[in-house]
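Scroll down for the structure; my scribbles are underneath it.
The first residue of the sequence shown is numbered 1, and numbering continues consecutively from there.
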Amino acid sequence: MSRLGELGAKLYRGEVGYDFVGKRTFWYGVSILITIAAIVGLGVRGLNMGIEFQGGAVFTTPKTSVSAGQAEKVAEEAAGHDAIVQELGTGGLRIQISNVDTTKADQIRPMLAKELNVDPKVINAELVGPSWGEQIANKAWTGLAVFMILVVIYLAIAFEWRMALAALIALIHDLTITVGVYALVGFEVTPGTVIGLLTILGYSLYDTVVVFDSLKEQSKDLAKQTQFTYSEVANRSINSTLVRSINTTVVALLPVAGLLFIGGGVLGAGMLNDISLSLFVGLAAGAYSSIFIATPLVADFKEREPQMKALKKRVLAKRAQAARDERVPGEQGEDEGDPQDVLPGEAQAAVVGPRTQPPSRGRGRGRPSGKRR
């Protein structure tokens with residue numbers, strides 16, 4: 001078995017693990033800082049909306065020897081607006097200029113033809129109205145709202161309302177971070193970006209439901225025992241599915257990273273960036289939120305219930321009593337301080353330091369060991 005497989009088996013059995021729930025305050029702080037940075041970036045820089053949302057013209061040229069950088073300067077001088085130029089596989093160029101009407105497009109075409117040394121008639125001009133992008137945005141918002149409502153209803157029925165609320169917060173967290181990264185990076189927002197944002201919702205929810213299902217299974221009849229608290233069971237659920245979540249995330253990120261860094265960065269296929277960036281950031285944020293946000297939030301919500309509070313008191317009281325019972329007479333002074341709580345899955349043999357052998361039942365008090373003479 002590989003080392004990762006052995007680690008996964010140990011995590012599943014509870015032999016090892018990281019205290020995600022116990023250190024949730026730290027990870028909440030990290031998430032808050034990331035979210036604030038995303039919101040500030042969105043408010044300061046804003047989103048670079050594509051031509052589909054702002055309206056404008058798209059000029060497609062035949063094969064030319066002019067580079068994309070030179071064509072971009074020419075287009076911006078002719079239009080007076082920022083232009084986006086992409087090289088096509090045919091050797092031609094795709095020149096995209098926002099906020100351009102029909103009259104302005106007719107003026108730009110001959111100027112482009114002159115600078116690019118091509119016939120104006122062979123340059124194809126296509127006008128895009130902002131109403132089309134507005135319709136896409138409205139449908140996206142409608143689809144997002146319907147999706148969120150259905151998610152809350154499903155999780156409330158399949159699990160409970162606390163899990164539904166935690167999953168909703170995690171989804172909003174993922175969307176905010178993804179949109180904030182778009183604002184900070186300055187990538188153009190296109191219909192492909194909208195599709196990518198809607199796609200990551202399903203993946204983020206899937207990863208969260210996997211952990212919730214494990215938590216639901218392990219927390220059955222939890223109040224009837226006095227060994228573990230709800231937070232400890234929640235932490236064990238995260239650890240038991242941790243390797244699975246990591247493997248699923250890595251496998252999903254590899255092809256998306258190929259589209260983003262190789263397709264968009266190396267090969268220069270800029271249109272791939274529209275959807276690949278949202279997928280890459282959203283997949284990573286979804287895996288993060290399912291581990292560090294959603295399940296710890298459920299533990300916070302559940303620990304406020306009177307039943308779970310009473311369970312926690314019983315568990316801690318039993319552990320304290322067990323720690324007192326295990327002390328050997330004459331050694332109480334060496335063990336000062338409060339007894340340590342036993343977390344799920346921790347091996348009892350892992351106690352550091354030598355342990356004193358308890359007296360044997362067959363020996364009398366005060367008698368020396370060995371045979372009688």
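Contact detail for G186 and N48: the closest heavy-atom pair is O-ND2, 3.3 Å. Scanning both residues, A75 and I95, for their nearest heavy atoms gives CB-CG2, 3.7 Å. The heavy-atom pair separating A223 from Q307 by the smallest distance is CB-NE2, 3.2 Å. The shortest heavy-atom contact between A166 and A294 is CB-O, 3.4 Å. Contact between S278 and Y182 at its shortest, heavy atoms only, is N-OH, 3.4 Å. The shortest heavy-atom contact between Y230 and S219 is CE1-CB, 4.0 Å.
Formation of a donor-acceptor pair under 3.5 Å by the R236 side chain with backbone atoms of V233 is not found in this model. Remark: the backbone N or O of K224 is not paired with any side-chain donor or acceptor of D221 at under 3.5 angstrom. With hydrogens and angles ignored, the 3.5 Å screen pairs a side-chain donor or acceptor of Q225 with a backbone N or O of F228. Without hydrogens or angle criteria, D19 side chain to N235 main chain gives no donor-acceptor distance under 3.5 Å. Between the side chain of E326 and the backbone N or O of A323 there is no donor-acceptor pair closer than 3.5 Å. Not one N or O on the side chain of D213 forms a donor-acceptor pair closer than 3.5 Å with the backbone of V209. Side-chain atoms of R45 come within 3.5 Å of backbone N or O of L184 as a donor-acceptor pair. Under the 3.5 Å distance criterion, the side-chain polar atoms of R244 are left unmatched by any main-chain donor or acceptor of V210. Between the side chain of N239 and the main chain of Y18, a donor-acceptor pair closer than 3.5 Å is present.
Residues V256 and V185 are members of one and the same hydrophobic cluster, defined by side-chain heavy-atom contacts under 4.5 angstrom among Ile, Leu, Val, Met, Phe, Trp and Tyr. I200 and I172 fall within a single hydrophobic cluster, where Ile, Leu, Val, Met, Phe, Trp and Tyr are joined by side-chain heavy atoms under 4.5 Å apart, directly or via other members. Residues V251 and I246 do not share a hydrophobic cluster, clusters being chains of Ile/Leu/Val/Met/Phe/Trp/Tyr side chains in contact below 4.5 Å. Note on I36: it does not cluster hydrophobically with V281, by side-chain heavy-atom contacts below 4.5 Å among ILVMFWY residues.
For the 3.5 Å distance criterion, the side chains of E303 and S231 qualify, holding a donor opposite an acceptor. Neither side chain, Q107 nor R109, offers a donor N or O lying under 3.5 Å from an acceptor on the other. Residues T229 and K312 have side chains that never bring a donor and an acceptor to within less than 3.5 angstrom of each other. With 3.5 Å as the limit, one finds a donor-acceptor pair spanning the side chains of Q321 and D325.
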Side chain to side chain contact (heavy atoms under 4.5 Å, CB included) assessment of I275 paired with T193
CA-CA 5 Å; I275 188 172; T193 305; over 6 Å; no

May I have the step-by-step check of side chain to side chain contact (heavy atoms under 4.5 Å, CB included) for L93 and T60, ending in yes or no?
CA-CA 6 Å; L93 300 174; T60 305; over 6 Å; no

Apply side chain to side chain contact (heavy atoms under 4.5 Å, CB included) to residues S290 and S204 and explain how you reach the verdict.
CA-CA 7 Å; S290 64; S204 177; 5.9 Å; no

Worked verdict on I34 versus V30 for side chain to side chain contact (heavy atoms under 4.5 Å, CB included):
CA-CA 6 Å; I34 297 175; V30 172; 3.9 Å; yes

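Taking 4.5 Å as the limit, every side-chain heavy atom of L279 sits out of range of all side-chain heavy atoms of L260. With a 4.5 Å cut-off on side-chain heavy atoms, M308 and L222 count as touching. Between Y28 and I293, the closest side-chain pair of non-hydrogen atoms falls below 4.5 Å. Counting heavy atoms from C-beta outward, R94 and V58 have side chains that approach closer than 4.5 Å. Considering only heavy atoms from C-beta on, M163 comes within 4.5 Å of L215 through its side chain. Looking at heavy atoms from C-beta onward, K216 lies out of side-chain contact with V211 at the 4.5 angstrom threshold. Looking at heavy atoms from C-beta onward, L112 lies out of side-chain contact with T61 at the 4.5 angstrom threshold. Within the 4.5 Å cutoff, the side chain of R314 has heavy atoms near those of the L311 side chain.
Atom CG of L297 sits about 7.5 Å away from atom CG of L165, to the nearest 0.5 Å. Separation of atoms CE (M111) and CG (L116) is listed at 11.5 Å; rounding is to 0.5 Å. In this structure, the separation between CG on L205 and OG on S289 is 10.0 Å, given to the nearest 0.5 Å. Between T241 atom OG1 and I291 atom CD1 the span is 7.0 Å, to the nearest 0.5 Å. Remark: L277 CG to F187 CZ distance equals 5.5 Å, nearest 0.5 Å. With rounding to the nearest 0.5 angstrom, the CD1 atom of I238 is 10.0 Å from the CZ atom of R24.
Between E305 and K302, at least one side-chain nitrogen of the basic residue sits less than 4.0 Å from a carboxylate oxygen of the acidic one, meeting the salt-bridge criterion. A salt bridge does not link E77 to K114: none of the charged nitrogens lies less than 4.0 Å from a carboxylate oxygen.
Annotation: ring pair (Phe, Tyr, Trp, His ring centres under 6.0 Å) contacts involving residues 278-326, sequence neighbours excluded, comprise F20-F292, W27-F292, H173-Y288, F261-F280, Y288-F292. Legend: salt bridge (Lys or Arg N to Asp or Glu O under 4.0 Å) pairs involving residues 200-210, not counting sequence neighbours: none detected.
Put simply, the residue from T248, D174, T249 that forms a side-chain hydrogen bond (donor to acceptor under 3.5 Å, both in side chains) with Y203 is T249.
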